[in-house]
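When a ligand or atom number is given, it counts from 1 through the structure's own listing order.
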Amino acid sequence: MRVLVVGSGGREHALAWSLSRSASVDEMHAAPGNPGIAALAYCHPVRAEDHAALVSLALELRTDLVVIGPEAPLVAGLADELRHRGVAVFGPSAAAARIEGSKSFAKEVLEAAGVPTAGTFPVARPPCVVKVDGLAAGKGVWVCRTQAELDAGLRAAQALGQPFHVEELLEGPELSLFALAAAESAVAFPPARDYKRIGDGDTGPNTGGMGSFSPLPDVADDDAQEILETVHLPVLRELAGRGAPFHGLLYAGLMRTEDGLRVIEFNCRFGDPETQSLLPRLDGDLVPLLAGDLSQKLDVAERAAVTVVLAGAGYPERSDKGTPIDGVAEAEATGALVLHAGTALHDGRLVTNGGRILNVVGVGATVVEARSAAYDAAAHIDFAGMQFRTDIAARG
Ligand code: AMP
Ligand code: GLY
């Protein structure tokens, strides 16, 4: 098979790494890819937003399967455009991707499907959460415990110029549960955990995610099936019933509250950086499942994986470009997987090019071993302004 991966981050590097190990894949391409993906695939300088050029590229390459990584092209209808031209795609239609693209649509679907989520408040009063309706790259949510935080959250939401709503503030540990979905059937990944805040101890602003791990100490791999049946499947049936069947990855962001499991959000694609800790736990071939054959379950190994994100100076407020990066080869020599998230090559030199720069993934028999493997490898990497959390999977 000839596969084209769309995107340029750590999630796409993890997908390309997993696909490169598949017996079904003979040739891999990426658009635009990154310097890490370039070791595994032919990278084409076509941006994920340029749908016309992506459709042309997929047709020209006679691609057997296009795997779309990020949410923005899915919400904007890239999968529809490719399918319309007869190209097989992993990723939902725009109509189904609204589950991520519009928080009000997601709330409506959850209510209709009878899946518990945070209640919506007609009047803003702390404690509460202010959320903008559309895509905001993880930056459209303000958790407000005090009136001052609420005033700031409302101001920030208004400044984005999008509709927003105010909802109940839920408390408890979070988990991410991914499911490969084809209309009304689905196959669950094991649960994973993501670290959203920039600082150790979950302090500071929200980010795209500073690390992840799997398996979890508090939600067993075997619990995934029950969550799938109570959360994902009702939502998939509701979407199919509305004429928007979901084909692709349905990601539930969940919180374990004192009153039970609540949905925080749905995403229409693989999560970043949870994917980096989930794919190394799989044996077997992911490609038939991505191609829509859900007749088999995932082959999940007992081993653990921990991902530590190395972010650039100024993240999450700004991205960093052109700072030289040292030590990647030394980190890889420890046996860890070093995935590129925001890198570029300048005259053959690896440099920063984004907010989250590299993802160091350690694999081991236990979370404790995987965690040491990740941090031991990360210790070899250095660039000016590098930031990372030291407590990823610390309580694993
Ligand atoms: P979202 O973009 O909806 O995933 O929200 C980003 C993060 O904000 C989540 O991972 C949670 O940590 C937090 N969050 C969102 N909604 C709520 C809520 N209703 N209660 C508590 N925390 C929330
Ligand atoms: N890990 C959070 C996300 O992908 O949205």
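Taking the six-membered ring for Trp and thresholds of 30 and 60 degrees, Phe189 and Phe270 have ring planes more than 60 degrees apart, a perpendicular arrangement.
A distance-only check finds a donor-acceptor pair linking the side chain of Asp133 to the backbone of Lys103 [under 3.5 Å]. Looking at Gln387, its side chain does come within 3.5 Å of a backbone N or O of Tyr315 through a donor-acceptor pair. Side-chain N or O atoms of Arg83 include one that pairs as donor or acceptor with a backbone N or O of Val89 at under 3.5 Å. Side-chain N or O atoms of Asn34 include one that pairs as donor or acceptor with a backbone N or O of Gly36 at under 3.5 Å.
Contacts of Lys103 with ligand 1, taken as heavy-atom pairs under 4.0 Å, involve the side chain alone. The proximity of Asp194 to ligand 1, defined as any non-hydrogen pair under 4.0 Å, does not occur for either the backbone or the side chain. Counting heavy atoms under 4.0 Å from ligand 1, residue Leu169 touches it through both backbone and side chain.
One distance of note links CD of Gln276 with OG of Ser18; it measures 11.5 Å at 0.5 Å rounding.
Using a 4.0 Å cut-off to heavy atoms of Lys131, the atoms of ligand 1 that qualify are 3 (O), 15 (C), 16 (N). Near Asn206, the atoms of ligand 1 lying under 4.0 angstrom from a non-hydrogen atom of the residue are 7 (C), 8 (O). Near Glu168, the atoms of ligand 1 lying under 4.0 angstrom from a non-hydrogen atom of the residue are 18 (C), 19 (N), 20 (N). Each of the following atoms of ligand 1 lies closer than 4.0 Å to a heavy atom of Ala118: 19 (N).
At least one N or O atom of Leu170, backbone or side chain, sits closer than 3.5 Å to an N or O atom of ligand 1.
Nearest-heavy-atom check against atom 12 (O) of ligand 1 across Glu167, Lys196, Glu100, Glu174 picks out Glu174. Of the options Thr257, Val141, Thr207, the smallest heavy-atom separation from atom 5 (O) of ligand 1 is shown by Val141.
Legend: residues meeting side-chain contact (heavy atoms from CB on, under 4.5 Å) with Ser24, ordered by chain and number and at least two apart, are Met1, Ser22, Asp285, Val287, Pro288.
Residues Tyr42 and Leu4 have side chains not in contact (no heavy-atom distance under 4.5 Å, counting atoms from C-beta outward). Counting heavy atoms from C-beta on, the side chains of Met28 and Ser20 come closer than 4.5 Å. With a 4.5 Å cut-off on side-chain heavy atoms, Leu290 and Val67 count as touching.
Closest non-hydrogen pair, Ser176 versus Tyr251, comes out as OG-OH, 3.7 Å.
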Report each N/O pair between ligand 2 and the protein that falls under 3.5 Å, naming both atoms.
from: ligand 2; atom 1: 1 (N); to: Asp194; atom 2: OD2; distance (Å): 2.7
from: ligand 2; atom 1: 1 (N); to: Tyr251; atom 2: OH; distance (Å): 3.4
from: ligand 2; atom 1: 1 (N); to: Asp272; atom 2: O; distance (Å): 2.9
from: ligand 2; atom 1: 1 (N); to: Glu274; atom 2: OE1; distance (Å): 2.7
from: ligand 2; atom 1: 1 (N); to: Glu274; atom 2: OE2; distance (Å): 3.3
from: ligand 2; atom 1: 4 (O); to: Arg269; atom 2: NH1; distance (Å): 2.7
from: ligand 2; atom 1: 4 (O); to: Asp272; atom 2: N; distance (Å): 2.9
from: ligand 2; atom 1: 4 (O); to: Asp272; atom 2: O; distance (Å): 3.4
from: ligand 2; atom 1: 5 (O); to: Arg269; atom 2: NH1; distance (Å): 3.4
from: ligand 2; atom 1: 5 (O); to: Arg269; atom 2: NH2; distance (Å): 3.0

